[in-house]
Structure formats: C-alpha cells, structure tokens
Amino acid sequence: MSKQHWKPGNMLYPVPAVMVSCGRVGETPNIITTAWCGTTCSSPAMLYVSIRPERYSYNIIKETGEFVVNLVTKDLIYATDYCGVKSGRDVDKFKEMNLTPLESLYIDAPGIDESPVNLECRVKQIIPLGSHDMFLAEVAGVTVDEKYMNENGKFELNKTGLTAYSHGEYFELGKKVGSFGYSVRKKKKTGKKTKKQS
C-alpha cells in the first residue's frame, strides 16, 4: 500500500452539518451553518460549535450566550448551504429560505421548525483556538418532531433523512452497517439440531 504524507489539516470526516439559529431581542433572528460541531459530554448534556469571530452570528451568540442547534435532513440541504455562504448582515435567512422560527422553551433564541431536532443551548465557556472560537454549551432542552415517533413511543431519528458533510460535499446517511455493541453481543441460538444431536 502506498501512502502520502500531508501537512496538518482538517481531514476528520464525515461530520454533521447543522444550522445554528440565534438572535437578539428586537432584531431579526439569524442562522449560521457549521460543520465544526459535536458532542462533548453526556451528563450534563453538552456540545460545542466552533465559529470564526468575523462571522455575523459570532457576536450574537457571544452577547446572548444562547443558540439552537438544528439537525439537518436532505430536504434542508439547500437551505443549509445557503445559510453557510450568505451573511445575516445582508439577508434575512429565515425569510429567504422559507424557514419558520420555532419558539424555544428554555432560551430566547428561536429554533427552526422544519428541522426534526432542535437543541436549545446555553454557552458555558468560549475557548479561543485560532481561526475559530469554540462555544462550549450545555443543552437546556430538546424538541423533536412528533411525526418521527413510532407506535411504541420511540423517536426514529435515523429515519428522518439525516445528512453529513465530508470534504466539501453533503451526503444523506445510507445503509446501516452495525449497531452499538454488536461486535461483542452474544449470537442468538437458532434452535436447530446438529446431526450429532439428532
């Protein structure tokens, strides 16, 4: 096998591309798309988003200490891309993309109604890293779309058409290839008798 050595770079893919909504009271709410985001802790539930200081949403989130992470499906990819390349200084992204602000329960920043999952977040720490600052936040509340609840009351997240971002391209999540712990799970006995047993 032949390999090449490159200089340091962001090659940890795929990653989630999410729409982060934010807003100041009395102003038009905004949406920023970010792929530099992820889970940091289970209890308390915490996540992070990393944003360049020159981005319009940066100061909004820094001043309010709040934002909503909205998960993205294939139906939202066009809006996701648009919200990542257009600035809230110039356009009303909710209006331009026909998105509906969703009132949050625990914070003032709105979510996006068309998203299947909205994570209301409160900033706990801002960590300057270089090109980006990391907003470390605690999840204050979660809203899910009821149409993805099954008859047993389970939320079928993986049936929403979730997407990922990889090396400049968007992908819909595809075929399931395993589940957590399947590598060590005991196999079920089939009950079939061998020739020796019969």
Side-chain angles (χ1 to χ4, degrees), residues 13-23 29-49 57 61 64-84 92-124 135-166 169-188:
Y13 292 113
V15 292
V18 299
M19 290 192 284
V20 175
S21 48
C22 57
N30 191 49
I31 304 167
I32 181 174
T33 296
T34 179
W36 295 174
C37 60
T39 297
T40 55
C41 187
S42 299
S43 182
M46 297 185 73
L47 55 77
Y48 78 92
V49 294
S57 293
I61 295 173
T64 63
E66 300 178 341
F67 60 89
V68 181
V69 171
N70 305 275
L71 299 194
V72 170
T73 64
K74 62 180 179 179
D75 295 331
L76 290 170
I77 279 296
Y78 184 88
T80 300
D81 188 67
Y82 181 91
C83 291
D92 179 343
K93 298 180 188 179
F94 274 98
K95 182 179 178 181
E96 292 298 317
M97 289 293 101
N98 295 311
L99 297 173
T100 310
L102 174 70
E103 186 177 357
S104 294
L105 186 61
Y106 299 101
I107 63 175
D108 290 327
I112 299 172
D113 195 35
E114 289 76 11
S115 171
V117 180
N118 317 95
L119 305 166
E120 299 176 30
C121 301
R122 291 195 187 100
V123 177
K124 293 297 181 183
F135 289 83
L136 187 62
E138 186 170 345
V139 178
V142 179
T143 301
V144 300
D145 193 329
E146 288 185 341
K147 73 180 178 182
Y148 297 109
M149 302 292 292
N150 68 18
E151 62 277 6
N152 298 317
K154 179 184 176 183
F155 182 59
E156 299 281 5
L157 177 62
N158 293 324
K159 292 185 178 179
T160 63
L162 289 175
T163 58
Y165 177 81
S166 182
E169 299 176 316
Y170 305 102
F171 295 88
E172 181 183 0
L173 295 190
K175 182 180 177 183
K176 175 182 170 183
V177 294
S179 60
F180 180 75
Y182 87 103
S183 62
V184 294
R185 196 173 295 132
K186 290 183 179 178
K187 293 181 181 178
K188 291 181 181 178

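Heads up: numbering here begins at 1 and tracks the sequence. Given the structure is predicted, the values throughout are model-derived calculations rather than measurements.
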Quick one: pull up [atom1] in [X] and [atom2] in [Y] and give me the separation to the nearest 0.5 Å.
X    : Y    : atom1 : atom2 : result
D145 : L157 : CG    : CG    : 11.5 Å
E172 : D75  : CD    : CG    : 8.5 Å
C83  : N30  : SG    : CG    : 7.5 Å
Y170 : D81  : OH    : CG    : 3.5 Å

Using a 4.5 Å cut-off on heavy atoms from C-beta on, say whether the side chain of [Y] contacts that of [X].
X    : Y    : answer
P14  : F171 : no
C22  : T64  : no
V142 : V117 : yes
S21  : P29  : no
M19  : L76  : yes
M97  : Y78  : yes
I112 : F94  : yes
T160 : L71  : no

Exercise for review: Let me see the working for V72 and I77 under side chain to side chain contact (heavy atoms under 4.5 Å, CB included), right down to the final yes or no.
Suggested key: CA-CA 7 Å; V72 170; I77 279 296; 3.9 Å; yes

Practice item. Ignoring hydrogens and angles, tell me if any N or O in the side chain of N150 forms a donor-acceptor pair with the backbone of N152 under 3.5 Å. Key: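 The answer is yes, because a donor-acceptor pair under 3.5 Å joins these two groups.
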
Practice item. Give a yes or no on whether the backbone of G161 and the side-chain of T73 come within a donor-acceptor separation of less than 3.5 Å. Key: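 Flag not set: sc T73 to bb G161 has no pair under 3.5 Å.
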
Check your understanding: Once the angle between the rings of F135 and F67 is folded into 0 to 90°, is it parallel (under 30°), tilted (30 to 60°) or perpendicular (over 60°)?
Key ->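 Plane angle over 60°, so perpendicular.
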
Check your understanding: Out of N70, I61, T33, which one pairs with V20 under the side chain to side chain contact (heavy atoms under 4.5 Å, CB included) rule?
Key ->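 So, applying the side chain to side chain contact (heavy atoms under 4.5 Å, CB included) to V20 and each of N70, I61, T33, only I61 qualifies.
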
For [X] and [Y], which heavy atoms make the closest approach, and how far apart are they?
X    : Y    : value
K93  : I32  : NZ-CA, 4.5 Å
G111 : V68  : CA-CG1, 3.8 Å
C37  : V18  : SG-CG2, 3.7 Å
Y148 : P116 : CE1-CB, 3.9 Å
E138 : M46  : CA-CG, 4.0 Å
W36  : T34  : N-OG1, 3.2 Å

Point to revise | Sequence neighbours excluded - side-chain hydrogen bond (donor to acceptor under 3.5 Å, both in side chains) pairs with any residue from residues 95-114 | key: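 Found T100-E114.
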
Check your understanding: After noting the C-alpha distance and the side-chain angles of C121 and L47, does the key distance pass the side chain to side chain contact (heavy atoms under 4.5 Å, CB included) rule?
Key -> CA-CA 8 Å; C121 301; L47 55 77; 3.8 Å; yes

